[in-house]
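For reference, the structure discussed in these notes is given below.
These values consider heavy atoms only, across backbone and side chains, with no hydrogens, waters or symmetry-generated copies. All ligand and atom numbering here is 1-based and tracks the order in the structure.
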Amino acid sequence: MVKKTLIAAAAISLSAMALTACGDDSDSASDSGDGKITMGFAQVGAESGWRTANTKSIQDSAKDAGVELKFTDAQGKQENQIQAIRSYIQQKVDVIAFSPVVETGWDAVLQEAKAANIPVILTDRAVDSEDTSLYKTFLGSDFVVEGEKAGQWLVDNAADSDVNGDGKINVVQLEGTTGAAPAIDRAEGFADTIKADPTIEVTASQTGDFTRDGGKQVMESFLQSDDSIDVVYAHNDDMGLGAIEAIEAAGLQPGTDIKIITVDAVHDGMQALADGKINFIVECSPLLGPQLMDLAKKVLDGEEVEPRILTEETTFTQEQAAEALPDRKY
Ligand code: AHR
């Protein structure tokens, strides 16, 4: 029994070292007593332009706020995130923050953090844990509302979106990572909203895993099996940009022959929108770093924080994108 525990402890500290080596964190041990906050942050990965901007925001804000950041990139795998969180518990960081790859399966590791008295802050994505005492707060967007905004644009622009002129608006959906909150919620918000117009129908829906390559591959297969696609609804810009490549390779004009709606509003997406290749983008802000550092300080000072903190966001038409691009920060 003792031997097993020792082996387990050794395995945890080895994996902690491996995580430290692949992250960009500093080697110094966390010290809850020196007045400096040490935060362990378990990031989803680097799947999209949004994620890159989000990581930069967190790293820059930690520096600005004097927070020592231990950062790991889970490469899109929940097991890597769980391992990273366990290593942060082992290292006795002051606070843990993470953006969960998927919604389910977090209770055990969150209970471990709670038992170790380490507060957890969720950023960007939610978990489905019923016990909300397992985390202090959740900072991020309302993904259902984002899906609704995308659907509302289509309902409002239905007259121009029946590109094939067959009286129906055939939509193909490029879903985000299966099981991830933004994929589930953006699909739900969109589906509920387009019910207002019975001519709009989602005819095919498949995951492109929030990546440009994924979006391109799925769109290629949609185009091969269906020549009546009017609209692409992509759960993020990167998949929309991949779809543009597939549409152009098929000899069609994105934004005209096939309308495109995406979510995020990162620089490349906004450029494609201003260029007329995307028709509408729902903004999802990745700039969560400053608020996260502020929340961490408050939580550690014992201040009350709201259990849910929503990010403020807008939407962009082609004209608005051209106007906003020069000042866009990401
Ligand atoms: O969780 C936020 C989503 O994750 C972004 O919309 C997407 O680009 C990212 O990969």
For this session: Might you confirm whether atom CD of E130 has over 12 heavy atoms from other residues, nucleotides or ligands at distances under 6.0 Å?
Result: no

For this session: Could you tell me which atoms of ligand 1, counted from 1 in the order shown, lie closer than 4.0 angstrom to a heavy atom of E47?
Result: 4 (O), 9 (C), 10 (O)

For this session: Determine, using heavy atoms of V263 and all atoms of ligand 1, whether some pair is separated by less than 4.0 Å.
Result: no

Exercise. Short list, please: which atoms of ligand 1 are under 4.0 Å from a heavy atom of D264?
Worked result: 5 (C), 6 (O), 7 (C), 8 (O)

Problem set entry | Nitrogen or oxygen atoms of D124 and ligand 1 under 3.5 Å apart | yes

For this session: Check R186 against ligand 1 and report side chain, backbone, both or neither, counting heavy atoms closer than 4.0 Å.
Result: side chain

Problem set entry | Ring geometry between F210 and H235 (parallel below 30°, tilted from 30 to 60°, perpendicular above 60°) | tilted

Exercise. Between T211 and D238, do the side chains contain an N or O donor and an N or O acceptor separated by less than 3.5 Å?
Worked result: no

For this session: Find out if a path of hydrophobic residues (ILVMFWY) with successive side-chain heavy-atom gaps under 4.5 Å connects L300 to I309.
Result: yes

Seminar exercise, completed: Here the atoms of ligand 1 under 4.0 Å from any heavy atom belonging to R125 are 1 (O), 3 (C), 4 (O), 9 (C), 10 (O)

For this session: Decide yes or no for N236 and T262: does some side-chain heavy atom of the first lie under 4.5 Å from some side-chain heavy atom of the second?
Result: no

For this session: Please verify whether a non-hydrogen atom of M239 lies at under 4.0 Å from ligand 1.
Result: no

Exercise. Are D268 and R212 close enough for a salt bridge, meaning some N to O gap below 4.0 Å?
Worked result: yes

For this session: Report, in ascending order of atom number, the atoms of ligand 1 lying under 4.0 Å from any heavy atom of P182.
Result: 1 (O)

Exercise. For ligand 1, which atoms, with element, lie under 4.0 Å from some heavy atom of N236?
Worked result: 7 (C), 8 (O)

For this session: Inspect the surroundings of CD in E303 and state if more than 12 heavy atoms from other residues, nucleotides or ligands are less than 6.0 Å away.
Result: yes

Problem set entry | Backbone or side-chain N or O of S48 under 3.5 Å from ligand 1 N or O | yes

